[in-house]
Amino acid sequence: MTVLFFLQLKRALKAVPRVIAGAIIPLLLAGMAVFFAWKHHVSSLGTVLSPVALVNQDTKENLAMVLPMITESEAASKFTFLEMSETAAMDALEKGDVCAALILPKDMFSGILDSTNIPARLYLPKGATAPSLFIGKYAEAGSRTLGASQASVYTATDLYKAYGITEHLSDLYYDINTENLKYALSRESAFSVKSTTAIGALSLTEYYGCTLFLCVLLFFGAGMGSFLGTPAPKTFSDQLRRNGMGTFSLELSLFLPLCLFYLILSFFLGSITHVLFPGFTFTATSSLFLVCTALCFTAFTQLIFSFAKNTGHGLLLFIFLGLFMISIGGGFLPYAFLPNLCTDLTPILPLSACLAGLRRAVTGALSFTDCLLLLLHFGVLLGLLVLLSLFGRKEVHE
């Protein structure tokens with residue numbers, strides 16, 4: 001068995017130049033796909049203005065005075081206000097031509113001064129979109145700010161009248177209005193900024209770096225097709241049988257060099273990952289994870305090429321299934337752009353689980369459970385490989 005292992009190892013070493021040559025073009029294509037996906041997420045699409053129907057039933061003089069204070073604020077800079085009649089505004093809202101309809105009733109602006117407080121009416125479409133919800137929150141913040149300002153003025157007026165010091169009201173109004181203006185002009189008083197991304201705690205470089213890690217393993221593994229897909233000559237298999245070694249021994253002799261190949265490649269890529277992404281450190285758990293990744297890829301590669309009719313079919317099937325599982329795991333598009341089914345499938349697909357665990361390793365959140373999951377996948381793949389080996393590899397005559 002030892003002699004057989006070294007013979008297969010020698011064959012594997014001879015296949016390395018073909019592996020490298022065969023992996024260059026697919027890796028370039030994968031690198032281009034990763035690069036364009038990265039550029040898609042970092043590119044700026046510009047500011048898209050969402051139209052809002054504005055119905056003014058008050059005087060145009062009041063509108064001309066107040067509207068710039070609304071439309072020129074930072075929060076409203078994402079909207080364009082289209083003045084139209086109430087009927088036209090409702091029709092546009094129903095058709096989806098505008099994201100909201102804002103109606104300013106008669107005497108609304110003068111009501112702010114005499115405390116009648118005639119409210120503006122804001123209509124949003126059914127199943128409100130993000131712009132509709134945003135302008136709704138914007139209007140809510142504005143009304144609350146205005147209400148608080150009026151309450152402070154009315155309360156102070158009543159208090160000064162009760163104590164008979166109304167002669168100082170003008171100074172008080174100045175101070176109150178100054179404070180209210182400071183509050184209203186402060187963006188943080190009405191809005192807070194919360195940032196979220198489709199890729200979670202990872203940076204874009206880390207996210208697509210993990211994808212490239214798996215693609216390198218996949219395409220270098222595809223190059224081993226000439227090593228795995230070539231059937232044993234009949235004279236060689238006859239000699240094995242005479243020495244008491246059957247199909248299982250042949251499969252094992254292929255498995256060990258392939259596993260060694262993936263182990264070396266995995267730790268080499270792990271070293272590069274450690275240099276580029278300091279969050280990935282060589283701990284006992286991360287080292288075990290790399291070993292489990294190599295085992296999964298070994299069993300998956302040998303299973304596919306053993307199942308295929310020839311090397312060409314095995315290569316196509318291996319690449320297709322590998323890229324499919326990487327895509328399901330959010331390798332090229334984040335889960336936010338994929339169906340919810342992809343999230344459910346990730347743990348039960350070996351390469352998808354490898355990608356998910358690698359991302360957690362980069363962020364320092366890798367756990368022993370991730371390693372156990374890969375070991376479970378390895379066990380299933382190995383069991384299928386053993387069952388397949390019972391049917392024997394194809395033999396040819398020299």
Side-chain angles (χ1 to χ4, degrees), residues 7-34 211-233 236-237 247 250-266 268-269 293-329 331-332 345 349-355 374 377-378 380-389 391-396 398:
L7 285 174
Q8 297 287 26
L9 182 60
K10 184 178 179 180
R11 286 185 61 229
L13 289 175
K14 287 182 178 179
V16 169
R18 294 195 297 271
V19 170
I20 296 174
I24 288 177
I25 294 178
L27 277 175
L28 286 176
L29 294 176
M32 290 173 62
V34 168
T211 300
L212 197 56
F213 185 108
L214 267 291
C215 287
V216 170
L217 285 178
L218 180 70
F219 290 119
F220 272 95
M224 295 299 286
S226 59
F227 167 66
L228 293 172
T230 305
F236 181 68
S237 58
T247 305
L250 178 61
E251 293 291 344
L252 183 61
S253 68
L254 293 171
F255 180 87
L256 294 176
L258 184 62
C259 184
L260 181 62
F261 166 80
Y262 273 121
L263 280 172
I264 293 173
L265 186 58
S266 295
F268 174 72
L269 293 175
T293 300
L295 290 174
C296 275
F297 266 88
T298 302
F300 174 69
T301 306
Q302 190 166 348
L303 177 65
I304 296 301
F305 280 98
S306 297
F307 176 78
K309 294 180 179 180
N310 54 54
T311 304
H313 289 170
L315 180 64
L316 291 175
L317 185 60
F318 179 76
I319 293 295
F320 173 78
L321 289 177
L323 289 178
F324 173 76
M325 285 189 276
I326 291 175
S327 300
I328 288 294
F332 300 102
L345 288 176
L349 297 176
L351 270 59
S352 301
C354 288
L355 182 58
L374 293 191
H377 281 297
F378 168 66
V380 173
L381 292 171
L382 187 61
L384 293 174
L385 181 60
V386 170
L387 289 176
L388 191 61
S389 68
F391 296 97
R393 271 187 170 261
K394 302 173 288 295
E395 298 179 354
V396 295
E398 288 184 318

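What you are looking at is a predicted structure, and each value in this text was computed from that prediction instead of being measured.
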Check whether any side-chain heavy atom of [X] lies under 4.5 Å from a side-chain heavy atom of [Y], and answer yes or no.
X: L351; Y: C296; answer: no
X: L295; Y: C259; answer: yes
X: F332; Y: C215; answer: yes

Output the distance between atom [atom1] ([X]) and atom [atom2] ([Y]), rounded to the nearest 0.5 Å.
X: Q302; Y: L382; atom1: CD; atom2: CG; value: 9.0 Å
X: I326; Y: L212; atom1: CD1; atom2: CG; value: 10.0 Å
X: L384; Y: F307; atom1: CG; atom2: CZ; value: 10.5 Å
X: L218; Y: F300; atom1: CG; atom2: CZ; value: 7.0 Å
X: L388; Y: L303; atom1: CG; atom2: CG; value: 6.5 Å
X: L355; Y: T293; atom1: CG; atom2: OG1; value: 10.0 Å

Testing the basics here: between [X] and [Y], what is the closest heavy-atom pair and its distance to 0.1 Å?
X: S266; Y: A294; value: OG-CB, 3.8 Å
X: L374; Y: C354; value: CD2-SG, 3.6 Å
X: M325; Y: P350; value: SD-CD, 3.6 Å
X: L385; Y: S306; value: CD1-OG, 3.9 Å

Item checked: side-chain contact (heavy atoms from CB on, under 4.5 Å) between F219 and L323, intermediate numbers included -> CA-CA 10 Å; F219 290 119; L323 289 178; 4.1 Å; yes
Notebook entry, point to check: Passes side-chain contact (heavy atoms from CB on, under 4.5 Å), L258 versus F297? Steps please.
Noted result: CA-CA 9 Å; L258 184 62; F297 266 88; over 6 Å; no
Checklist line | Test side-chain contact (heavy atoms from CB on, under 4.5 Å) applied to F305 and L317, step by step | finding: CA-CA 8 Å; F305 280 98; L317 185 60; over 6 Å; no
Check: Run the ring pair (Phe, Tyr, Trp, His ring centres under 6.0 Å) check on F220 and Y262 step by step: do they pass?
Finding: CA-CA 9 Å; F220 272 95; Y262 273 121; 9.7 Å; no
Item checked: Intermediate values then yes/no, side-chain contact (heavy atoms from CB on, under 4.5 Å), F378 and T298 -> CA-CA 9 Å; F378 168 66; T298 302; 5.8 Å; no
